[in-house]
Amino acid sequence: MSRRLAVFASGTGTNFSAIVDHVRAGSLHADVVLLVCDRPGAPVVERARGAGVPVLELAPRRFASKADYEQTVLDRLRLYRVDVVVLAGYMRIVTPLLMAAYPNRILNIHPAYLPEFPGKQGILDAFHAGVAQTGVTVHLIDEGVDSGPILRQVRVPRYPEDTLDTLEARIHGVEHELYPAVIESFLNAIESEGQ
Ligand code: GRF
């Protein structure tokens with residue numbers, strides 16, 4: 001199997017950059033062949049351009065339907081012969097069209113210890129809940145929200161003196177090491193299964 005990744009992102013793109021950095025450093029044996037961004041002008045787009053990664057930048061509302069949008073994305077994934085899709089801050093539900101094209105080949109990172117604190121505000125929710133620890137989870141996606149099979153998760157402490165900013169920074173720091181490592185293990189596993 002080749003190891004051609006498409007990263008899907010909507011925002012800042014620090015995880016995108018972490019993945020690209022690990023590829024460059026030789027700790028992630030893969031090629032990031034495409035960034036898909038559903039928010040034209042998001043900072044992640046500049047990161048991709050700076051890294052020489054082709055970008056598909058689309059505004060879903062310009063499409064007649066979600067299915068039309070995803071079909072356009074899927075056509076591009078096929079053009080770039082993408083093997084695995086990596087969601088990294090992609091604020092959109094992936095529909096069955098893409099899931100059927102990439103069964104068990106779409107990963108997501110969530111900034112909490114699932115099933116604790118699913119949804120769009122995992123860090124904020126954990127912060128407000130006053131828990132002593134939260135976490136980071138990498139999982140395969142299914143049709144639910146943050147509900148697919150878990151590949152790996154780690155605990156991250158929340159200290160009493162934490163502000164939302166310090167907690168966020170700690171979680172992102174963990175994400176930037178965890179995600180590339182789990183992607184590498186995942187690619188190794190599917191390769192050794194001969195799939
Ligand atoms: C990360 O916290 C990730 O877990 C969540 O969205 C955030 C994306 O951050 N799904 P960035 O755009 O990679 O900086």
Side-chain angles (χ1 to χ4, degrees), residues 5-25 27-28 30 32 34-51 53 55-60 84-95 98-99 106-129 131 133-158 162-186:
L5 309 180
V7 177
F8 286 30
S10 308
T12 315
T14 62
N15 281 284
F16 170 84
S17 291
I19 291 164
V20 167
D21 289 349
H22 278 260
V23 168
R24 286 204 178 128
S27 46
L28 171 54
V32 180
L34 183 66
L35 170 75
V36 174
C37 181
D38 65 330
R39 289 201 185 150
V44 68
V45 170
E46 271 316 300
R47 289 175 184 268
R49 298 225 159 98
V53 173
V55 176
L56 176 63
E57 213 177 357
L58 295 173
V84 169
V85 171
V86 172
L87 308 182
Y90 185 62
M91 304 305 281
R92 180 165 296 280
I93 305 282
V94 172
T95 74
L98 262 186
M99 272 193 285
I106 308 180
L107 279 61
N108 184 42
I109 187 160
H110 182 75
Y113 200 89
L114 291 172
E116 300 167 10
F117 308 114
K120 287 188 176 174
Q121 302 192 321
I123 302 177
L124 189 68
D125 292 344
F127 183 75
H128 285 319
V131 290
Q133 52 179 4
T134 175
V136 175
T137 304
V138 178
H139 63 101
L140 289 169
I141 68 151
D142 63 12
E143 56 292 329
V145 175
D146 299 327
S147 62
I150 290 170
L151 296 174
R152 204 180 303 169
Q153 56 189 168
V154 296
R155 283 291 187 184
V156 178
R158 174 199 190 277
D162 266 337
T163 62
L164 182 58
D165 282 352
T166 59
L167 180 62
E168 250 172 21
R170 190 174 308 116
I171 286 177
H172 290 317
V174 169
E175 288 186 328
H176 298 160
E177 294 305 314
L178 185 72
Y179 211 6
V182 176
I183 295 167
E184 173 74 5
S185 303
F186 178 76

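Keep in mind that what you see is a predicted model, and the values were worked out from it rather than measured. Ligands are counted one by one from 1 in listed order, and the atoms in each one are counted from 1 as well.
Taking 4.5 Å as the limit, some side-chain heavy atom of Arg170 sits within range of a side-chain heavy atom of Pro157. Within the 4.5 Å cutoff, side-chain heavy atoms of Ile19 are placed close to those of Val86. Val136 is not listed as a side-chain neighbour of Tyr179, based on a closest heavy-atom distance of 4.5 Å or more. Counting heavy atoms from C-beta on, the side chains of Arg92 and Leu87 never come closer than 4.5 Å. Gln153 has its side chain out of reach of Leu178: every pair of non-hydrogen atoms, C-beta onward, lies at least 4.5 Å apart. Contact check for His22 versus Glu177: side-chain heavy atoms found under the 4.5 Å cut-off.
For Gly13, the closest heavy-atom approach to ligand 1 falls below 4.0 Å. Contact between His172 and ligand 1 is present, with at least one heavy atom of the residue lying under 4.0 Å from the ligand.
Ranking the protein heavy atoms by distance from atom 6 (O) of ligand 1 puts Gly89 CA, 3.4 Å first. Among all non-hydrogen protein atoms, the one lying nearest atom 9 (O) of ligand 1 is Asn15 ND2, 3.7 Å. Given atom 14 (O) of ligand 1, the protein heavy atom at minimum distance is Thr14 OG1, 2.5 Å. Closest to atom 10 (N) of ligand 1 among all protein heavy atoms lies Ile109 O, 3.0 Å.
For His110 and Thr137, the side-chain atoms include no donor-acceptor pair closer than 3.5 Å. Defined by atom type and a distance below 3.5 Å, a donor-acceptor pair is missing between the side-chain atoms of Arg158 and Thr134.
Looking at Asn108 next to ligand 1, no N or O pair under 3.5 Å apart turns up. Taking distance alone, with nitrogen or oxygen atoms compared against 3.5 Å, Phe16 stays at or beyond that limit from ligand 1.
Counting the atoms of ligand 1 from 1 in the order shown, those under 4.0 Å from a heavy atom of Thr12 are 12 (O), 14 (O). The atoms of ligand 1 that sit less than 4.0 Å from any heavy atom of Glu175 are 1 (C), 2 (O), 3 (C), 4 (O). Counting atoms of ligand 1 from 1 in the listed order, those under 4.0 Å from a heavy atom of Pro111 are 2 (O), 4 (O), 5 (C).
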